[in-house]
Amino acid sequence: MLGKLTFLGAARNVTGSCYLLESQDTRVLIDCGLYQERKYQERNWQPFPFDPQSLDAVFLTHAHLDHCGLLPKLVREGYQGKIYCTQATAEIAEIILLDAAKLQEEDAVYKQERHRKDGRRGPYPEMSLYTVADAEAVAPHFSAVEYLRCVGINSNIEGCHYEAGHVLGSAVIGMNVRQDGKNHRIVFSGDVGEPDRPIVNDPTLFDEAEYLVIEATYGDRTHEEHKNTDIQKQLRDCINRTVSAGGNIIVPSFALERSQEMLYHLNELLLRKEIPPVPVFLDSPMAIRITEVFKRHAELFDKEMMQRLRQGNSFFSFENLRIVQSVEESKAINSIKGSSIIIAGSGMVTGGRVKHHIVNNIRRPESTILFIGYQAEATPGRILLDGAREIRLLGQMHPVRAHIEKIDGFSAHADRDGLLAWLSDIRVPPRCVFVTHGEEKAATSFARILQERTGWTVKVPQYKDTVELV
Ligand SMILES: [Zn+2]
């Protein structure tokens, strides 16, 4: 037997990616993600179903919380080995984990006070899942690897990172297990990006995989127009209309990739003079720190982006861009006369500086609140998108008079056809494909289509399923 694979997350749901690969006395964890869906969050508090001390290595695909968000807990509970990932992923994960720990600590204090007032107890302990100190303890474990450079754990097993084209530094992980003089490859897709995204390279295609674990976030749908030209056209029209009416454009944005892509598109439009030279404010401390990581890792950019850099054009330092660090600077934006574009977190308006900017513009019919990312149910972002006439923000009700708009093309995940295309180089049928990282409907629908199109053996594992790899 080659080994065993256990699905410890993202099994018939999207978040909490975590897979345990055991082979010939070696135990490797691929990703250690946080559960973010409300109904699975209690799993974050459960003990790991393995002894963290018994692991020989951790391989990390990328820096999103649903892939790396439980690393502080893993280290606190005794993991002593290395966490292999690209240098960019290590740097971004450090920023994201610290921010998550800080938010959890603040949230715990708030919950303790609220529960004391209400005289009740919540479903989880009124403490943070991990502390800032726990998050800080992760950094020394990161061991940076370059794409295509395999890391040997011992003479029988090695892991390699390949470009995933999802966010900066993201990787598909190929584990090679040697048995009886033969090499067996097990591929973990992580999150797979679409080809032709701005900034990052296209995902690497594989021509063989004995076993394959593939994400299916959008496995049941095809994105409509996703071309960069369409995004820029929509963006241009929205900005021109708002600026000629004399309003501001407020963009609630996620700190990783989405904010940088937005800057990229704005820079393009400004260079081509398709929008007036209004100031663009990046008002998110986390997005600013992550943009610094982008600056340090130009070697990861795609050809077009490299060419722009050589020509002296870059999305992170164009003329109209204003970086807003302090809260005072952030507040001062409101007193600026004329139109501006303000990119601020959080992406779903659940916190952060964007709330203030929305409050200052929501009563102005000339302003636009522009959404560029997924809005989860019951978030202020979703409530606005669903057409609410008024909304509670910062403790007050506000009538909604501003334009509420959405541009869809920013998805960093391949859709159904993108995933099928990503698999199109595989000539020899894998022994089995496991579809993960998708809601029940998306995962099962993608599994069915993949099976129909290829005739391969495709399974949708359940949480904690263990399969034997033969
Ligand atoms: Zn991701």
Side-chain angles (χ1 to χ4, degrees), residues 7-11 13-19 29-37 40 44 58-71 83-86 88-97 99-100 142 147 161-173 187-195 197-204 213-219 221 223 226 253-262 286-287 290 293-294 297 300 345-348 372-376 409-416 418-419 422 435-439 442-443 446:
F7 299 88
L8 296 173
N13 75 300
V14 175
T15 66
S17 277
C18 187
Y19 310 109
L29 202 65
I30 289 92
D31 285 347
C32 189
L34 186 79
Y35 279 94
Q36 292 171 300
E37 292 111 328
Y40 297 119
N44 292 327
V58 174
F59 283 78
L60 179 61
T61 60
H62 65 288
H64 275 146
L65 271 183
D66 62 325
H67 293 258
C68 74
L70 282 186
L71 287 172
I83 300 164
Y84 296 104
C85 60
T86 63
T89 292
E91 290 175 29
I92 298 168
E94 229 180 297
I95 297 168
I96 286 184
L97 290 174
D99 183 75
F142 284 129
Y147 288 125
H161 290 70
Y162 303 87
E163 175 66 71
H166 170 61
V167 295
L168 194 79
S170 64
V172 174
I173 289 170
V187 173
F188 296 84
S189 77
D191 290 353
V192 181
E194 301 226 292
R197 301 299 303 166
I199 311 173
V200 291
N201 278 300
D202 291 352
T204 305
V213 179
I214 186 171
E215 70 125 329
T217 318
Y218 294 123
R221 64 191 93 166
H223 299 320
H226 264 198
S253 185
F254 300 94
L256 170 55
E257 208 71 27
R258 209 54 62 95
S259 293
Q260 292 79 23
E261 275 191 28
M262 188 67 189
M286 187 150 78
I290 291 176
V293 180
F294 276 66
H297 290 285
L300 300 178
S346 69
M348 299 187 199
I372 56 170
Y374 174 73
Q375 304 296 311
F410 281 84
S411 173
H413 288 271
D415 62 1
R416 189 192 72 192
L419 291 170
W422 184 64
V435 178
T436 61
H437 199 290
E439 284 172 11
F446 181 68

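One-based numbering, in listed order, for ligands and for the atoms of each.
The aromatic rings of H413 and H437 sit tilted, their planes meeting at an angle between 30° and 60°.
Metal site remark for the Zn ion (ligand 1): H166 contributes an N, O or S atom at a distance under 2.8 Å. For the Zn ion (ligand 1), the set of nearby N, O or S atoms under 2.8 Å includes one belonging to H62. For residue D191, an N/O/S atom approaches the Zn ion (ligand 1) to within less than 2.8 Å.
S17 contributes no side-chain N or O that, together with a main-chain N or O of A10, makes up a donor-acceptor pair within less than 3.5 Å. When atom types are taken as modelled, the side chain of E257 and the backbone of A255 share no donor-acceptor pair closer than 3.5 angstrom.
Of all N, O or S atoms in H64, the one lying closest to the Zn ion (ligand 1) is ND1.
Neither side chain, Y147 nor T204, offers a donor N or O lying under 3.5 Å from an acceptor on the other.
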